[in-house]
Amino acid sequence: MPTGPDKGSQNKSAAKADKAINAANKKSARKKKGGVPTATGRQIPWLTVAGVVVVVGLVAGLGINLYPKYQDRAEAQKFAPSEANQDPSTGIEGVTVQEYPAALHVGRTQRVAYDQTPPFGGPHDAVWATCTGIVYPEAIRTENAVHSLEHGAVWVTYNPDDLNADQVQSLADRVDGETQMMMSPYPGLDSPVSLQSWGHQLKLDSVDDERISQFISALRLNRFAYPEVGASCASVPGTGDNAFDPDNPPLFDASAPGPDAVPMDGAGITPDASETGGAGGMQLPSDLQIPAS
């Protein structure tokens, strides 16, 4: 007598069918969600990653911009004066050095027949030009400026016909607010830039020349290189011939000195005893009178 399928076999077939249906349903559900299985690992914080990338970029950008300035400053420090190297400017290419007598004063209306343009030593006005980091927009009287050099200042000059506004600002950034520094245009200057300290001069073609920082480091307040050690660069108060107003300074005279101009040797002028015996009047703090070692 024929028999039907075994009941156990039927149960196994039913179980397989159920598994197949369940698998098909799960696959269908995944397709409805875009066909991508749900992630089970940690999520990457993309906003945080982006923020870190931006910060790293900013730091790198600052480093690229600041490193050359730091390097320039570090290089300039090699030219700081010391007992062992009293005039480091002798190691700067292009610096002119010349000896001049000190403390030879002329009056406000007198001219000096300077032997250099701009001058960097010799007879000068009894009143110095304010040199406390002043950037003069107009050319100033040379006789006043030379007295500032006698006080340990560096005078930065430029030909206004050779530099644009950005280049002038680049120079001004080196001077503005720095003690024993001043800057002014110098019409007719035979180079775009010229730096002066007492008995020293450096003429340059570029405001980016590294020798600018070297010159300043070597000669600003170098007590071995200027006559009136400790003298102030502050404004001389008052009015008239015995004062100096940085907001209204005596202006540059572009004409040639006449036959009555004071000669460079100061013939007939008695040196000012208050200067030959040491700095008179206002004094700098002692820590500013000694160059870095």
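Remember, predicted model here, so these are calculated numbers, not experimental data.
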With a 4.5 Å limit on heavy-atom distance, are the side chains of [X] and [Y] in contact?
| X | Y | value |
| --- | --- | --- |
| Val106 | Ile269 | yes |
| Leu221 | Tyr226 | yes |
| His151 | Ser148 | no |
| Gln201 | Pro118 | yes |
| Tyr158 | Val168 | yes |
| Arg211 | Leu204 | yes |
| Ile212 | Ile216 | yes |
| Asp87 | Leu219 | yes |

Check: [X]/[Y] side-chain N/O donor and acceptor closer than 3.5 Å:
| X | Y | answer |
| --- | --- | --- |
| Ser213 | Arg174 | yes |
| Tyr100 | Gln98 | yes |
| Ser194 | Trp155 | no |

Contact summary for [X] and [Y], nearest pair of heavy atoms:
| X | Y | value |
| --- | --- | --- |
| Pro81 | Gln86 | CB-O, 4.0 Å |
| Ala153 | Cys233 | CB-SG, 4.0 Å |
| Pro123 | Pro263 | CG-O, 3.5 Å |
| Trp198 | Gly121 | CZ3-CA, 3.8 Å |
| Ala145 | Ile140 | CB-CD1, 4.1 Å |
| Ser197 | Val154 | CB-CG2, 4.3 Å |

Measure from the side-chain N and O atoms of [X] to the backbone N and O of [Y], and report whether any donor-acceptor pair falls under 3.5 Å.
| X | Y | answer |
| --- | --- | --- |
| Glu178 | Val175 | no |
| Ser206 | Asp208 | yes |
| Tyr186 | Thr142 | no |
| Trp128 | Ala231 | no |
| Asn159 | Ser191 | no |
| Gln167 | Asn164 | yes |
| Arg108 | Asp241 | yes |
| Asp176 | Ala172 | no |

Tell me whether [Y] is reachable from [X] by hopping between hydrophobic residues (I, L, V, M, F, W, Y) whose side-chain heavy atoms are closer than 4.5 Å.
| X | Y | answer |
| --- | --- | --- |
| Leu251 | Met182 | no |
| Val193 | Met181 | yes |
| Val127 | Leu104 | yes |
| Leu149 | Val135 | no |
| Tyr136 | Val156 | no |

Audit row: Arg111, Val262, side chain to side chain contact (heavy atoms under 4.5 Å, CB included) steps and yes/no: CA-CA 6 Å; Arg111 300 285 302 281; Val262 176; over 6 Å; no
Rounded to the nearest 0.5 Å, how far does [atom2] of [Y] lie from [atom1] of [X]?
| X | Y | atom1 | atom2 | answer |
| --- | --- | --- | --- | --- |
| Thr90 | His200 | OG1 | NE2 | 8.0 Å |
| Asp209 | Leu202 | CG | CG | 7.0 Å |
| Thr109 | Glu143 | OG1 | CD | 10.0 Å |
| Asn144 | Phe252 | CG | CZ | 13.0 Å |
| Asp272 | Glu228 | CG | CD | 7.5 Å |
| Asn85 | Phe79 | CG | CZ | 9.5 Å |

Carboxylate-amine/guanidinium proximity below 4.0 Å for Glu83 and Arg223: yes
Check against salt bridge (charged side-chain N to carboxylate O under 4.0 Å, His left out), Asp253 and Arg141: CA-CA 7 Å; Asp253 189 343; Arg141 182 167 175 260; over 6 Å; no
Full working for side chain to side chain contact (heavy atoms under 4.5 Å, CB included) between Phe120 and Leu195: CA-CA 9 Å; Phe120 53 95; Leu195 281 70; over 6 Å; no
Worked verdict on Lys78 versus Gln214 for side chain to side chain contact (heavy atoms under 4.5 Å, CB included): CA-CA 8 Å; Lys78 297 178 182 178; Gln214 294 171 2; over 6 Å; no
Over 12 foreign heavy atoms within 6.0 Å of CG, Asn242: no
Aromatic plane relationship, His124 with His147 - under 30° parallel, 30 to 60° tilted, over 60° perpendicular: tilted
Verdict with reasoning, Val112 to Val146, per side chain to side chain contact (heavy atoms under 4.5 Å, CB included): CA-CA 11 Å; Val112 177; Val146 171; over 6 Å; no
